2 protein chains.
Amino acid sequence: MPARKPAYKRRSGCPLNASVEMLGDRWSLLIIRDMMLLGYRTFKEFLNSHERIASNILADRLLRLENYGIIASARDPSDGRKQIYSLTPKGLGLAPVLTEMVLWAAAYEDTGNQALVRLIHKDKDGFLAQVRKRFANRSSPGK
Amino acid sequence: MPARKPAYKRRSGCPLNASVEMLGDRWSLLIIRDMMLLGYRTFKEFLNSHERIASNILADRLLRLENYGIIASARDPSDGRKQIYSLTPKGLGLAPVLTEMVLWAAAYEDTGNQALVRLIHKDKDGFLAQVRKRFANRSSPGK
DNA sequence: CAGGATCCGTTTCGATACTG
DNA sequence: CAGTATCGAAACGGATCCTG
């Protein structure tokens with residue numbers, strides 16, 4: 001599966017257009033969430049985690065996100081087989097978007113993960129700073 | 001095309017899961033943007049506008065969003081042919097999400113619509129309040 | 001004419017099996 | 001471990017048709 005270019009044409013310059021092109025599918029945001037909130041970094045972690053993404057789709061999405069500059073990949077120096085994925089600054093910049101989505105879902109729908117929601121509610125800026133700091137120190141997954 | 005239920009199963013209770021299920025496609029967020037920022041309300045406006053969505057897809061998305069409680073529809077009292085779509089409080093609650101997405105795209109990508117971006121940057125809370133107010137007064141599109 | 005439904009070819013998805 | 005290959009199923013998109 002080659003790195004997709006959408007078949008449909010989209011007028012650019014309109015707000016949100018670019019965002020939706022990069023993130024408007026069922027998996028991209030979830031992958032980013034796993035990196036940002038759960039500290040996942042390897043193909044296997046994404047694969048075994050959460051919503052059971054198929055391996056071909058995962059490979060496609062990782063490549064796509066990398067092409068968009070949202071994530072970066074590098075070979076694990078200590079284990080040549082492993083590939084380590086990480087968020088770029090641009091990817092990290094999505095933290096406020098994810099945060100607002102979590103709050104929205106919590107307000108109207110989702111009952112899960114109340115701890116996180118309360119944490120964000122109590123101190124949104126602090127939470128965002130914490131996310132950034134984890135990635136500034138590079139790769140301490142944080143559970 | 002019946003109102004879709006996703007074929008894949010998704011574990012619930014995980015943050016963002018619900019959001020992505022409702023909004024994780026190429027059109028839903030754009031439709032909401034058009035309602036929220038451009039004041040669009042009718043089938044035809046959505047159809048002729050922006051990125052040239054196909055009418056069957058549009059009908060499906062409108063139904064989906066209505067089923068999720070994000071938008072509501074009612075017949076135009078002054079013109080029986082027309083259907084008027086509007087944001088519910090839940091849909092309006094997406095304003096912060098959209099706002100952050102616009103800011104993110106502006107910071108890393110999109111060059112279009114600088115005016116809006118500057119407005120949001122200057123006074124994010126004021127902008128959100130303004131959006132809410134427009135819909136509290138119901139239906140003054142606001143260009 | 002507005003809102004949508006139907007038809008149909010094309011693209012993408014997703015599960016599983018398989019490879020370097 | 002990190003992906004490819006394959007293939008049936010689903011979703012997409014364009015065009016057209018239907019209905020009030």
Side-chain angles (χ1 to χ4, degrees), chain A residues 1-11 20-31 34-35 40-67 71-86 141, chain B residues 1-11 17 20-31 34-35 40-67 71-86:
Chain A
M1 193 180 285
R4 277 185 319 162
K5 277 249 156 60
Y8 56 93
K9 38 269 163 209
R10 177 150 291 171
R11 282 214 315 267
V20 169
E21 184 169 326
M22 291 185 269
L23 308 171
D25 73 272
R26 298 194 179 77
W27 298 110
S28 298
L29 272 176
L30 296 178
I31 292 171
D34 285 351
M35 299 183 83
Y40 288 178
R41 291 171 302 162
T42 66
F43 194 92
K44 190 190 182 190
E45 284 176 314
F46 297 120
L47 199 61
N48 292 341
S49 147
H50 60 70
E51 290 79 14
R52 307 262 142 223
I53 186 172
S55 67
N56 53 346
I57 305 292
L58 175 58
D60 179 67
R61 290 307 182 281
L62 288 171
L63 190 53
R64 240 170 98 74
L65 289 172
E66 192 171 353
N67 287 340
I71 68 176
S73 68
R75 210 151 274 284
D76 184 342
S78 71
D79 180 350
R81 293 174 313 177
K82 266 186 185 155
Q83 195 76 3
I84 300 289
Y85 295 94
S86 60
Chain B
M1 195 181 285
R4 276 184 321 162
K5 277 246 157 57
Y8 54 93
K9 39 269 165 210
R10 175 148 297 171
R11 284 212 316 266
N17 224 321
V20 170
E21 184 168 326
M22 290 184 270
L23 308 172
D25 73 271
R26 295 193 181 79
W27 298 110
S28 298
L29 272 177
L30 296 179
I31 292 171
D34 285 350
M35 300 183 82
Y40 287 0
R41 292 171 303 162
T42 66
F43 194 90
K44 192 189 181 190
E45 284 176 316
F46 297 121
L47 199 61
N48 292 341
S49 146
H50 61 67
E51 290 77 14
R52 307 261 141 222
I53 185 171
S55 70
N56 53 346
I57 306 291
L58 175 58
D60 179 67
R61 289 309 182 281
L62 288 171
L63 189 54
R64 238 170 99 75
L65 289 172
E66 190 171 356
N67 287 339
I71 69 176
S73 69
R75 210 153 274 283
D76 185 342
S78 71
D79 180 350
R81 294 173 311 178
K82 269 186 183 155
Q83 195 77 3
I84 300 289
Y85 296 94
S86 61

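In this text the structure is predicted, and so the values were computed from the model without any measurement.
Here dC1(D) presents its P atom at 14 Å from OH of Y40(A), a figure rounded to the nearest Å. Atom C1' of nucleotide dA17(C) and atom CD1 of I57(A) are separated by 15 Å, given to the nearest angstrom. In this structure, CD1 of I84(B) is placed 11 Å from P of dG4(C), rounded to the nearest angstrom. Here dA2(D) presents its P atom at 17 Å from CG of D60(A), a figure rounded to the nearest Å. Put simply, CD on Q83(A) is 14 Å from C1' on dG20(C), counting in whole angstrom units. Whole-Å rounding puts the L47(B) CG to dC1(C) P distance at 15 Å. Separating the CG atom of L63(A) from the P atom of dT12(C) is a distance of 14 Å, rounded to the nearest angstrom. We find that CD of E21(B) is positioned 16 Å from C1' of dA11(D), with the value rounded to whole Å.
A heavy atom closer than 4.0 Å to some atom of DNA chain C occurs in no member of residues 72-80 of chain B.
Comparing dC1(D), dA15(D), dG20(D) against the side chain of K44(A) picks out dC1(D) as the nearest. With distances taken from any side-chain atom of R26(B) to the nucleotides dT16(C), dT4(D), dT12(C), the minimum falls on dT12(C). Nearest nucleotide to the side chain of R81(B), out of dG20(D), dA5(C), dG14(C): dG20(D).
In this model, no side-chain donor or acceptor of S55(A) finds a partner on the base of dA15(C) within 3.5 Å. No N or O donor and acceptor, one from the side chain of N56(A) and one from the base of dG3(D), sit under 3.5 Å apart.
Looking at residues two or more places apart in sequence or on another chain, you find a side chain to side chain contact (heavy atoms under 4.5 Å, CB included) between S86(A) and A72(A). A search for salt bridge (Lys or Arg N to Asp or Glu O under 4.0 Å) contacts involving R81(B) returns D79(B), not counting sequence neighbours. Partners of S73(A) under the side chain to side chain contact (heavy atoms under 4.5 Å, CB included) rule, at least two apart in sequence or in another chain, are E66(A), Q83(A), Y85(A).
Expressed to the nearest 0.5 Å, how far CD1 of I84(B) lies from OH of Y40(B) amounts to 14.5 Å. Going from atom CG of L29(B) over to atom CG of L65(B) covers 9.0 Å, rounded to the nearest 0.5 Å. Note that NZ of K82(B) is 8.0 Å distant from CZ of R41(B), once rounded to the nearest 0.5 Å.
For the helix from dC1(C)-dG20(D) to dG20(C)-dC1(D), the angle separating the two terminal helix axes comes to 30°, with each axis derived from five pairs and the value rounded to 10°.
In this structure, W27(B) reaches the dG13(D) phosphate: one of its side-chain N or O atoms is under 4.0 Å from OP1 or OP2.
Not a single donor-acceptor pair under 3.5 Å links the side chain of R61(A) to the backbone N or O of S28(A).
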ask   = Given the rule in the side-chain contact (heavy atoms from CB on, under 4.5 Å) test, do D25(B) and D25(A) qualify, once you have shown the distances and angles that lead to the verdict?
value = CA-CA 5 Å; D25(B) 73 271; D25(A) 73 272; over 6 Å; no

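The minimum heavy-atom distance linking L47(A) with I53(A) is given by the pair CD1-O, 3.4 Å.
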